[in-house]
Amino acid sequence: MPTYKSDFLNVLDERGFIAQGANLEGLDEKAASSVVTAYIGFDATAKSLHAGSLIQIMMLYWLQQTGHRPIVLMGGGTTKVGDPTGKDEQRKLLSDADIDGNIASIKGAFEKLLTFGDGPTDALMVNNDDWLSQLGYVEFLRDYGVHFTINRMLTFDSVKLRLDRESPMTFLEFNYMLMQAYDFHELLNRYDCTLQLGGADQWGNIINGVELCRRKDAREVFGLTTPLLTTASGKKMGKTENGAVWLNADMFSPYEYWQYWRNAEDADIATLLARFTTLPMDEVRRLAALRGAEINEAKKVLANEAATLLHGAEAAKSAAATAQKTFEQGGLGGDLPTVEMPAGMLEAAPVIDQFLAAGLCASKGEARRHIKAGALKLNDEALREERNLTAADIRNGAVKLSIGKKKHAILRIV
């Protein structure tokens, strides 16, 4: 028997998206009988979101798929302040031009997963700078500051973390939670938005917004959070040894994105298939039950499905073909990360410099450690010592660079 009356909450529940809820029973009644408009806020601190944000985007995806309207709230205003949640220090403040450029760049990822338009369940993208930058400071404090107490704000994790670690927290950052609560109030009045979604670390901020809407608007609104996702080994979702798993293809290629999911830990497969693919749950459970060598087939399905959602079927197919050629046939797949070198520089080029240029190693020290461990390879053969490249290393105009069995790149000689 379903746990909830609404398709929306049943889907989220079955796929493991629900951590906490503010009046889930009331939300369930509303979602079962009418179209619910919900939002998630995304600050524009970079030109792309990373895979850590994908769980929030998938919540909006399922919201729309079950007949409701998603709002993507871009934090053009709140980015000027910086969310202190989970941070030990203040974020770098960006210019208006930087923020606008980041928002324009980020939008493409949402267009792959949501349908935007003017229909009753079509997604909207709005910018909170449209109202936050118009607020008068004294008027804002008088009309909204009275609904927040310092006593309560000091109990929130985002503030307690800084205080416990004796890290400075500016008054600018302290105001962030007021601004986020005001966003909910504004979206309620502009778009009849009655639900805020977010990660579990946003629970305190979401409750602030729920309470503000009840006090200022005398309206019943709702909040829902999803669990923060870490891998089975404790790593943060959306990170690799070399940095973030960006959602924009020009910052993290479709092949690298495919490979990120293919390299998932065995213990995470069930969770990742449920939350980051659209496969039916019966198929998710079948794949998650595979053991031994067969679990690799489940990982390929995960990689194909995740890459198709974000980059399209052709890009996913190409990435899978590259992986097969690189890993199973020992060749050079066409989608591998590539760096180029003029032929005239070949003889004077230290090998480890090419691993840095390809992004396979973060430093020469790291490269040297891999050499000692026998993990650094040229054309699938272990590099025994530091040396320069030679003409003998070239195979069909290229050199294959590898660390271990999973990280590869191509050095093309031009």
Side-chain angles (χ1 to χ4, degrees), residues 11 14-17 48-62 64-65 108-115 229 231-232 235 237-240 244-338 404-410:
V11 168
E14 186 176 25
R15 290 182 175 270
F17 281 97
S48 172
L49 299 175
H50 60 71
S53 299
L54 196 58
I55 191 168
Q56 320 303 338
I57 301 174
M58 290 305 296
M59 289 180 81
L60 293 178
Y61 171 86
W62 288 116
Q64 187 169 54
Q65 292 298 310
F110 287 99
E111 292 174 333
K112 302 286 183 63
L113 290 155
L114 301 175
T115 300
L229 188 60
T231 66
K235 294 180 181 178
M237 178 73 188
K239 299 286 186 180
T240 69
V245 180
W246 301 108
L247 300 185
N248 285 22
D250 59 343
M251 296 175 67
F252 199 79
S253 73
Y255 168 76
E256 292 174 297
Y257 190 77
W258 189 97
Q259 196 62 38
Y260 170 74
W261 297 102
R262 171 62 181 82
N263 290 337
E265 298 177 38
D266 293 2
D268 293 325
I269 295 303
T271 297
L272 298 180
L273 284 167
R275 296 186 194 171
F276 299 109
T277 79
T278 60
L279 290 172
M281 284 303 296
D282 285 345
E283 179 66 2
V284 168
R285 286 186 280 267
R286 184 190 73 79
L287 290 167
L290 297 176
R291 294 292 180 266
E294 288 186 327
I295 196 69
N296 288 322
E297 296 307 310
K299 291 181 182 182
K300 290 177 185 178
V301 172
L302 169 63
N304 287 334
E305 292 291 325
T308 297
L309 269 178
L310 185 65
H311 295 300
E314 285 303 313
K317 184 178 179 180
S318 178
T322 290
Q324 182 179 24
K325 188 172 184 180
T326 301
F327 297 105
E328 297 176 16
Q329 299 172 7
L332 289 175
D335 285 346
L336 287 176
T338 301
K405 296 180 179 180
K406 294 184 177 181
K407 297 171 69 175
H408 305 272
I410 300 172

Minimum heavy-atom distance between [X] and [Y], given as atom pair plus value:
{"X": "A288", "Y": "A270", "result": "CB-CB, 3.5 Å"}
{"X": "V284", "Y": "A274", "result": "CG1-N, 4.0 Å"}
{"X": "G16", "Y": "R275", "result": "O-NH2, 2.9 Å"}
{"X": "W258", "Y": "A303", "result": "O-CB, 3.3 Å"}

Find the distance between [atom1] ([X]) and [atom2] ([Y]) and round it off to the nearest 0.5 Å.
{"X": "L302", "Y": "F276", "atom1": "CG", "atom2": "CZ", "answer": "9.5 Å"}
{"X": "I295", "Y": "K300", "atom1": "CD1", "atom2": "NZ", "answer": "12.5 Å"}
{"X": "Y61", "Y": "L309", "atom1": "OH", "atom2": "CG", "answer": "6.5 Å"}
{"X": "L287", "Y": "L272", "atom1": "CG", "atom2": "CG", "answer": "12.5 Å"}
{"X": "R286", "Y": "L273", "atom1": "CZ", "atom2": "CG", "answer": "10.0 Å"}

Do any N or O atoms from the side chain of [X] and from the backbone of [Y] form a donor-acceptor pair under 3.5 angstrom?
{"X": "S318", "Y": "E314", "answer": "no"}
{"X": "R15", "Y": "T277", "answer": "yes"}
{"X": "Q64", "Y": "T115", "answer": "yes"}

Heavy-atom side-chain contact between [X] and [Y] under 4.5 Å:
{"X": "L290", "Y": "I269", "result": "no"}
{"X": "F17", "Y": "M58", "result": "yes"}
{"X": "L54", "Y": "L113", "result": "yes"}

Mutual orientation of the aromatic rings belonging to H50 and W246 [parallel < 30°, tilted 30-60°, perpendicular > 60°]: perpendicular
Decide side-chain contact (heavy atoms from CB on, under 4.5 Å) for K317 and N304; before the verdict, give the C-alpha distance in whole Å, the side-chain angles of both, and the deciding distance to 0.1 Å. CA-CA 7 Å; K317 184 178 179 180; N304 287 334; over 6 Å; no
Side chains of E256 and S253 only: does a donor on one sit below 3.5 Å from an acceptor on the other? yes
Show your reasoning for whether side-chain contact (heavy atoms from CB on, under 4.5 Å) applies to L247 and I57. CA-CA 11 Å; L247 300 185; I57 301 174; 3.9 Å; yes
Strictly below 4.0 Å, N to O, side chains only: are K299 and D266 in salt-bridge contact? yes
